[in-house]
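Some notes on the structure that comes next.
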Number of protein chains: 2
Amino acid sequence: MLTYEEHDLLAQVAAMYYEQELTQNAIAAALGLSRVKIYRLLKQAREEGVIRFTIAWPLQREAELEQALRRAFGLREALVLRPGGSDVRYALARLGQLGARYLEQMLHDEMMLTVCLGRSTYEVIHAVQPGFADRVNVVQAVGSLALTSPELDSAALTRTLAGKLGGVAHYLVAPLVADSGADAEVLRSQRDIRRVLELARQADVALVGIGNLDPETSEFVRGGYLTADELAGIRRAGGVGDMAGQIFTLNGQADNSGFNRRVVGLNLTELADVDTVMAVALGQEKRDAVVGALRTGVIDVLCSDAATVQAVLESR
Amino acid sequence: MLTYEEHDLLAQVAAMYYEQELTQNAIAAALGLSRVKIYRLLKQAREEGVIRFTIAWPLQREAELEQALRRAFGLREALVLRPGGSDVRYALARLGQLGARYLEQMLHDEMMLTVCLGRSTYEVIHAVQPGFADRVNVVQAVGSLALTSPELDSAALTRTLAGKLGGVAHYLVAPLVADSGADAEVLRSQRDIRRVLELARQADVALVGIGNLDPETSEFVRGGYLTADELAGIRRAGGVGDMAGQIFTLNGQADNSGFNRRVVGLNLTELADVDTVMAVALGQEKRDAVVGALRTGVIDVLCSDAATVQAVLESR
DNA sequence: ACATCAATTGTGAAATTGCACATAATATAG
DNA sequence: CTATATTATGTGCAATTTCACAATTGATGT
């Protein structure tokens, strides 16, 4: 952690370098420090986030696709990002920014948000700008998962978002997937977990990602919560995707293999009761997952890009 | 103006350079462009504001001084910045950031702000982050002045702030100081000016700076609106500072030399009627001006730094 | 007091960037 | 169609930045 004086120095050096565009030599001379020292302070300022780079992506939207999507699935709102020339990596960052702008519009003091896990959710949360609204609290909607990228887990996202919005983080201290439905029941009945789930149910806004059950990349399989065979079975039985760890079919029915009962978190019915459920998803490979997710009736606002939405609309 | 594709490219290059920390050569290779081209795109991205540098100054506040100040002058809120080691230039930037954070908290959709002129106001406005609230409109509270730095004029500030907040800018198309009180009356009676002043009176928040009547730097003298002798006379008669072009004494009484009547803009009484008047001032040389300003009873929220506030509290 | 380790600071050379100038491409007027 | 201006692109070199490594400082235990 930085002391006040360290923080102040880092900020000053960063201002001189990035805002005033002085050279490191000039800054060193002005402050009576060596040039290398300035280099190191700048490096530290970047690492500590004292200086942040904000990129204004062009966030044009596709009004016709948005309307078509709203009508096709009875959505309250659709946000469809116009494609950019940039590669997928940036498409997600841009989508996150678009989602964040929308989310920010909804924020007001003393609000309660609930978040799940995943890359898309991560991007939205990272694009949210702190500031205006006050004491926006965040509840973890689902248990934790030891992911390949730990910063994508729901607990990490809850912490990040609550920190940005100056609110309290409520953690759901449980694994995302219990060994059996009965075990999950036991977990859910614990005082602390029950309390947090109750808070999550009362949230004003839920932020969810949509996963497709790709056997290659599934974190459920990778983490040993499901065998490849079990996943294949679920897919044969019609499972096409998941939201908040809850698997559903192309028709938007909850999967009945028993997996969903092993998940500690809001189920689809509870999620549907949340005032505003905002889902974020990107990629044509998620077409069926997105269609199924939309048909569950859980989603109020979908945030996606033109290619994905086109695929979704054409698949019916 | 940038096209969508240009903007997208600038954003992508900026992301690769500043976020991913790739070299210009690596970016050039990845995008099939020359290195100089990347250099120029980066330059353009900075100029166009596609990439912005945000510095997180340490914004600790002095709670005791704040409380003392609130009590001494019956303020609704006081924001007192803890001093940093950096020079005055950055002190103002930091103060601006502190003021901006407070201002942002107050924003809500369809709000109406009104702004005056000056360096402090400029810094606050430049630190405001766009985003959350929508259609926040901005009215110019006082006429324009040909300042040494044109970007500090009330019209420029009105434009900048309205642009950031996605609202409409209402310009007061008049000089700040008319040649006589009668002339000012004529200006104020013009349809367009009357309309804008009426809007300004109804603003939810007014942002004002506090000027001291320093004969060396006074923009009134420099611009020829007052002779050095007239200013000296006003000072002998007790004038210690101005807000929104309105001069007041150490006791907080409006100056009665006739200058105030020549100003086209909200007067002190009208300003006092605005719901929240936020004043920003920095520098011990402004001590008497700040004391007088506080005693006018116009100010609801004062934003300043520890050294200035200490001087103010000790001067009584 | 001295050895040992960690953290900080400085040196110099390689990598990267900035920019003046040259050149090519494109637009505009006659 | 040519002449001319305007704009965009590339080259080469100087300035700047980065970073590995060396030197120094400082803390800690013996």
Side-chain angles (χ1 to χ4, degrees), chain A residues 1-58 60 82-87 89-90 93 126 151, chain B residues 1-58 60 82-87 89-90 93 126 151:
Chain A
M1 199 45 207
L2 293 170
T3 69
Y4 185 83
E5 286 71 23
E6 285 168 347
H7 188 166
D8 193 60
L9 179 62
L10 290 182
Q12 178 170 15
V13 170
M16 292 172 103
Y17 189 73
Y18 288 104
E19 289 189 341
Q20 286 197 257
E21 309 208 327
L22 298 179
T23 67
Q24 295 181 4
N25 251 322
I27 300 170
L31 301 183
L33 299 167
S34 77
R35 194 175 50 68
V36 214
K37 179 79 182 170
I38 301 300
Y39 163 70
R40 283 168 182 147
L41 289 172
L42 284 170
K43 195 174 176 179
Q44 197 188 357
R46 285 190 301 262
E47 284 164 2
E48 304 272 3
V50 172
I51 175 90
R52 273 205 309 275
F53 307 112
T54 316
I55 289 164
W57 291 97
Q60 289 188 29
R82 186 169 154 188
S86 43
D87 61 49
R89 178 180 180 124
Y90 295 113
H126 267 248
E151 76 274 15
Chain B
M1 199 45 207
L2 294 170
T3 69
Y4 185 84
E5 286 72 24
E6 286 168 348
H7 188 166
D8 192 61
L9 180 61
L10 291 181
Q12 179 171 15
V13 170
M16 293 172 101
Y17 190 74
Y18 289 105
E19 289 189 341
Q20 285 197 259
E21 309 207 328
L22 299 179
T23 67
Q24 296 180 3
N25 256 323
I27 300 169
L31 301 182
L33 299 167
S34 75
R35 192 184 62 72
V36 230
K37 178 78 182 167
I38 301 300
Y39 163 70
R40 282 167 184 149
L41 288 171
L42 284 169
K43 197 174 175 181
Q44 198 188 355
R46 285 190 300 264
E47 285 163 2
E48 303 272 3
V50 171
I51 175 92
R52 274 203 311 276
F53 307 113
T54 316
I55 289 165
W57 291 97
Q60 290 187 27
R82 186 168 155 191
S86 43
D87 61 50
R89 179 181 179 122
Y90 294 112
H126 267 248
E151 75 274 15

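Residue numbers begin at 1 in each chain, while the letters A, B, ... track the order of the sequences.
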Checklist entry - Tell me: CD1 of I38(B) to C1' of dC19(C), nearest whole Å? => result 17 Å

Checklist outcome for this item: Here the gap from Q60(A) atom CD to Y4(B) atom OH, rounded to the nearest 0.5 Å, amounts to 5.5 Å

Checklist outcome for this item: Between Q24(A) and I38(A) the two heavy atoms that sit nearest each other are O-CG1, 3.9 Å

Checklist entry - Can you tell me how far C1' of dC19(C) sits from CD of E47(B), to the nearest Å? => result 14 Å

Next on the checklist: Would you call the rings of W57(A) and Y90(A) parallel, tilted or perpendicular, taking 30° and 60° as the class edges?
Outcome noted: tilted

Checklist entry - Between Q44(A) (CD) and dT18(D) (P), how many Å, whole number? => result 15 Å

Next on the checklist: Measuring from the side chain of K37(A) (C-beta onward, heavy atoms only), which nucleotide among dT9(C), dG18(C), dT17(D) has the closest atom?
Outcome noted: dT9(C)

Checklist entry - Looking only at side-chain N and O atoms, does Q24(A) come under 4.0 Å of OP1 or OP2 in dA15(D)? => result no

Next on the checklist: If I compare all heavy atoms of P58(A) with all of A11(B), which pair ends up nearest, and what's the gap?
Outcome noted: CD-CB, 4.3 Å

Checklist entry - In degrees rounded to 10°, what angle is found between the helical axes fit to the five outermost pairs at each end of the helix from dA1(C)-dT30(D) to dG30(C)-dC1(D)? => result 30°

Next on the checklist: I'd like to know if E5(A) pairs up with R82(B) as an ion pair, taking the criterion as any Lys NZ or Arg NE/NH1/NH2 lying under 4.0 Å from an Asp or Glu carboxylate oxygen.
Outcome noted: yes

Give each protein N/O atom lying under 3.5 Å from an N/O atom of nucleotides 19-26 of chain D, with the pair distance.
| from | atom 1 | to | atom 2 | distance (Å) |
| --- | --- | --- | --- | --- |
| dC19(D) | OP2 | Y39(A) | OH | 2.4 |

Checklist entry - Can you find a side chain N or O atom of S34(A) that sits less than 4.0 Å from OP1 or OP2 on dT9(C)? => result no

Next on the checklist: Give me the atom names and distance for the closest heavy-atom approach of L41(A) to L10(A).
Outcome noted: O-CD2, 3.3 Å

Checklist outcome for this item: Here the gap from Q12(A) atom CD to Q20(A) atom CD, rounded to the nearest 0.5 Å, amounts to 9.0 Å

Checklist entry - So which heavy atom on L9(A) is nearest to which on L31(A), and how close? => result CD1-CD1, 4.2 Å

Checklist outcome for this item: Whole-Å distance, N25(A) CG to dT16(C) P, equals 20 Å

Checklist entry - In whole angstroms, how far is the C1' atom of dA15(C) from the CD atom of E21(B)? => result 15 Å

Checklist entry - Who pairs with R46(A) by side-chain hydrogen bond (donor to acceptor under 3.5 Å, both in side chains), at least two apart in sequence or on another chain? => result Y18(A), E21(B)

Checklist outcome for this item: Taken to the nearest whole Å, CG/L22(A) to P/dG18(C) is 14 Å

